[in-house]
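Numbering starts at 1 and runs along the sequence shown.
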Amino acid sequence: MACNSPDNKKVKISTSPATVPGAELRNDDTSLSYQGTPLELKCINTIRALCADMVQKAQSGHPGAPMGCAPMAHLLWTEIMAYSPKKHDWWNRDRFVLSNGHACALQYAMLHLTGYEDMGMDQLKQFRQIGSKAPGHPENFVTKGIEVCTGPLGQGLSNAVGLAMAQSHLNATTQNKEIFTNYTYVICGDGCLQEGVTSEASSLAGHLGLGNLIVLYDDNQITIDGSTDLSFTENVAMRYESYGWQVFKVEDVSNGLEELREAIQKAKSEASKPTLIQINTVIGYGSAKAGTAKTHGAPLGDEDLAATKKSYNLDPEKSFQVDDDVREIYTAAASRGEKAREKWEATFASYKATHAEEATALEQRFVPPATKQVLTFPECDKAMATRKYSELCLNAIAPQIPSLIGGSADLTGSNLTNLKCSGDYQSSTPGGRYIRFGVREHAMSAICNGLFAFSSGNDGSLLRPFCATFLTFAGYALGAMRLSALSKFGVLYIMTHDSIGLGEDGPTHQPIETLENLRSIPNINVWRPADYEETKASYVSAVDNLTTPTVICASRSTLKLLTGKSCMEKAQKGGYVLQDVEKPQLILIGTGSEIGLCVDAANELSSRSSNPIRTRVVSMPCQELFLSQEQSYQLSVLLGGIPTLSVEASAQHGWHRFSNYQICMSSFGASGPGGEVMKLFGFTVENVTEKGEKLVKFYEGKTVPNLMDRPIF
């Protein structure tokens, strides 16, 4: 193993040349070359065989990486990590993230061997089947012992940076330094390190000096297309050294664990740097196809699997074989974890006795939302941009919600997200609640998933992360935002500069399709408030919806005051009647900056001395919440059989569900003063009144389709 000493020179600690993998193993007794006990090797080979059996039975999956990584997993679960199968969400457990989530058979095997109740042998045999606790990639909401959803490569390692940040922050803000002492361990592969999101996250981790983050890099030099020589020839170790990481090189784990054991201990002793341990492994170890892409994503086949088991000194006729001596090893390891948890629980009880208020405050973060305090906001009767209303709301709730932590992707002065009640989170000040994510939108979102995942449930979370950027740059973050929704992580996304109304920055910065992209994701609430009342409603909704992420889209430009019209309580239904008339002949429906426009157009249409058109105005700041209301409420807002015109400076897609005609964007925007750009694309009182009048005329003598008359099955 080679490692970096403090003076950054390569130091040779030990060497252990690997045997040639593949079919040659069939002719040798592998125990003769293994530097460790026969039982240790048997445990590792049992993991390998279990993983291969899962994939073989399912006729689907990825056996190669688990077979190569089995030695790492064995060492982590038997000697390194503190965990509790009986109480999987114990606060001070070591976190484990399998970033190369396609290798999930490995994690399921370890959960089974160490006694997690979700992962009985029956579940291993149902790998990748409907209803199984062993799905095709790790899913935190399905399987106890899974911290985050992984599979999209790079997300897991980036989440792990958030997990490590959470531990350091909570440790810094707790008087008893034995409450939050855990490490975060990651196994990742070549694919993870090729994804840009890990470069972003790893760069920040190095800057922050996260010494509690230890990454085991499965360097098997194989991707789906073949050898990494095809596309990935950089020096990963040098790259991570430049990020400020400590880097070790382990030449071989197939023939013994001492090098890896030593590297992990050295990693744990370095408190000021995260550690990457680059480990030479053999994908599909023991198979005739070992060391090739053929073992990546397909079953070994009956013949090869039997021969592989024979090379492991296991019974080739048996499937899902776990002998008693092997099971005893993992049972004993799990028992040590339970004792560690019990010791911690006693420590917490002592802490609670001496620091009752602080300890109780942590526990209160898991009080069900219905019993939580009512959020209070300052008064404001000034016309402002909704990003400024957002600033008021964020700084109002931050002192009331000490779990709130987050920041911006280098746009603090534009997003207006600085927390006045707290300083920065930095390596020297981890107790700070404001994170300088830098220009790293994708990693920022993935890190927030990790911050939320550190300890959360249906009733609460130790941390409630938020992050911010321009709405158009949600495109950079979308992969992680989608996983927020899938994982049921109530992350708050603050996205400013929400339309062509931002003006001079032009079409590269003006979001068109972004709102509909976000609205199309299941389990995410997308808000576009029109004023202070609706902005307050969006923040209340974000806090209350613990298992649903929220996106608050805010304007750069000052919006019209809606005094006496808007209502925070009504806005929490997602859509409501903002301004009404008797027996409306036309409904204008809009969001955000276009609501003021709709009000002015409605007033003109309704007050005409000749041929007035009685016009109702509906504000729909959050489509998802509106559609979650009872159908009777929806029909009371959007009356069937009345021409309805929607107005939003964004793509028209999705509005066909609510309106008969749309004034929206069908092209990219333009550079110029915001008001002039809005005028150029028809977002004027004149155009709205003209289109409203034409819409009413179009339906004269016709039956107006009732868009809300939909079957509910």
Side-chain angles (χ1 to χ4, degrees), residues 512-513 515-516 519-520 528 530 565 570 573-667 678-679 681-713:
I512 303 297
E513 77 293 344
L515 281 173
E516 183 54 26
R519 287 168 176 159
S520 68
R528 190 166 182 253
K565 301 180 186 295
K570 290 181 179 179
K573 292 181 178 291
Y576 65 105
V577 178
L578 181 84
Q579 180 171 294
D580 209 4
V581 293
E582 289 189 15
K583 298 181 179 179
Q585 299 167 288
L586 173 69
I587 297 175
L588 298 179
I589 178 173
T591 72
S593 53
E594 288 73 71
I595 285 296
L597 176 61
C598 289
V599 169
D600 289 345
N603 289 339
E604 180 171 324
L605 288 165
S606 298
S607 62
R608 285 178 176 176
S609 58
S610 176
N611 300 317
I613 299 174
R614 298 183 302 276
T615 304
R616 167 183 282 191
V617 178
V618 170
S619 179
M620 192 177 289
C622 183
Q623 292 182 4
E624 296 78 23
L625 287 180
F626 179 72
L627 291 172
S628 72
Q629 306 302 316
E630 295 288 339
Q631 189 177 36
S632 59
Y633 175 77
Q634 296 180 40
L635 291 171
S636 74
V637 174
L638 296 179
L639 305 171
I642 295 177
T644 302
L645 172 65
S646 60
V647 185
E648 186 177 63
S650 184
Q652 65 180 351
H653 304 287
W655 282 108
H656 302 85
R657 295 174 294 174
F658 308 110
S659 61
N660 306 107
Y661 188 82
Q662 300 80 35
I663 297 177
C664 292
M665 292 295 294
S666 58
S667 68
M678 295 290 277
K679 182 178 179 180
F681 289 97
F683 295 95
T684 64
V685 172
E686 294 76 18
N687 189 47
V688 174
T689 55
E690 177 190 345
K691 294 300 191 295
E693 189 174 16
K694 287 183 176 180
L695 185 62
V696 171
K697 187 173 183 179
F698 176 84
Y699 281 113
E700 284 181 357
K702 301 177 184 178
T703 300
V704 181
N706 184 354
L707 300 176
M708 301 304 295
D709 185 18
R710 297 188 291 263
I712 306 290
F713 298 130

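- The two residues Phe658 and Thr644 make their nearest non-hydrogen contact at O-CG2, 3.5 Å.
- Interatomic distance, Ile642 CD1 to Asn660 CG, rounded to the nearest 0.5 Å: 10.5 Å.
- Annotation: Lys691, atom NZ; neighbour count of heavy atoms from other residues, nucleotides and ligands within 6.0 Å is above 12.
- The structure places CZ of Phe626 at 10.5 Å from CZ of Arg657, a figure rounded to the nearest 0.5 Å.
- Inter-residue side-chain proximity for Leu635 and Ser632 is flagged as unmet; no heavy-atom pair is nearer than 4.5 Å.
- Here Lys573 contributes atom NZ and Tyr633 contributes atom OH; the two are 5.5 Å apart, rounded to the nearest 0.5 Å.
- For Ser659 and Ser646, the side-chain atoms include at least one donor-acceptor pair closer than 3.5 Å.
- A salt bridge links Glu648 to Arg519: at least one charged side-chain nitrogen sits closer than 4.0 Å to a carboxylate oxygen.
- Judged purely by atom type and a 3.5 angstrom limit, Arg614 uses its side chain to pair as donor or acceptor with the backbone of Lys583.
- Proximity of Lys697 to Glu700: side-chain heavy atoms (C-beta onward) are separated by under 4.5 Å at one or more points.
- The minimum heavy-atom distance between Val577 and Ser636, with the atom names listed, is CG2-O, 4.4 Å.
- Both tests hold for Lys702 against Phe698: distance to the six-membered ring centre under 6.0 Å, angle to the ring axis within 45°.
- Interatomic distance, Met620 CE to Leu625 CG, rounded to the nearest 0.5 Å: 11.0 Å.
- Side-chain atoms of Phe683 and Met665, non-hydrogen and from C-beta on, do get closer than 4.5 Å to each other.
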Distance-only criterion, 3.5 Å: show the donor-acceptor pairs between side-chain atoms of residues 593-605 and protein atoms not counting sequence neighbours.
from   : atom 1 : to     : atom 2 : distance (Å)
Ser593 : OG     : Arg528 : NH2    : 3.1
Glu594 : OE1    : Arg528 : NH1    : 2.5
Glu594 : OE1    : Arg528 : NH2    : 3.2
Glu594 : OE1    : Ala649 : N      : 3.0
Asp600 : OD1    : Lys560 : NZ     : 3.2
Asn603 : OD1    : Gln579 : NE2    : 2.7
Asn603 : ND2    : Val599 : O      : 3.3

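- Among all heavy-atom pairs drawn from Ala530 and Gly592, the shortest one is CB-O, 3.4 Å.
- In summary, the side chains of Gln585 and Arg616 do not present any donor paired with an acceptor at a separation below 3.5 Å, with no hydrogens or angles considered.
- For the pair Ile512 and Ser650, the minimum side-chain heavy-atom distance is 4.5 Å or more.
- The closest donor-acceptor contact from the side chain of Thr615 to the backbone of Ile613 lies under 3.5 Å.
- Distance check: Leu695 CG to Ile663 CD1 gives 9.5 Å after rounding to the nearest 0.5 Å.
- Residues Asn687 and Thr684 are in side-chain contact: their nearest non-hydrogen atoms beyond the backbone lie under 4.5 Å apart.
- In this structure, the side chains of Leu586 and Pro643 come closer than 4.5 Å at one or more pairs of heavy atoms.
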Please report the C-alpha distance between Val688 and Leu588 in whole Å, then the side-chain angles of each, then the deciding distance to 0.1 Å, and finally whether the side chain to side chain contact (heavy atoms under 4.5 Å, CB included) criterion is met.
CA-CA 9 Å; Val688 174; Leu588 298 179; 4.0 Å; yes

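- Of the possible polar contacts, one joining the Gln631 side chain to the Arg710 backbone as a donor-acceptor pair under 3.5 Å is found.
- Ion pairing between a basic and an acidic side chain is recognised when a charged N comes within 4.0 Å of a carboxylate O; Glu693 and Arg608 show such pairing.
- Using cut-offs of 30° and 60° for the angle between ring planes, the His653 and His656 rings count as tilted.
- Closest approach of Gln662 to Gln652, counting heavy atoms only: OE1-OE1, 3.7 Å.
- Atom CH2 of Trp655 sits about 9.5 Å away from atom CG of Leu515, to the nearest 0.5 Å.
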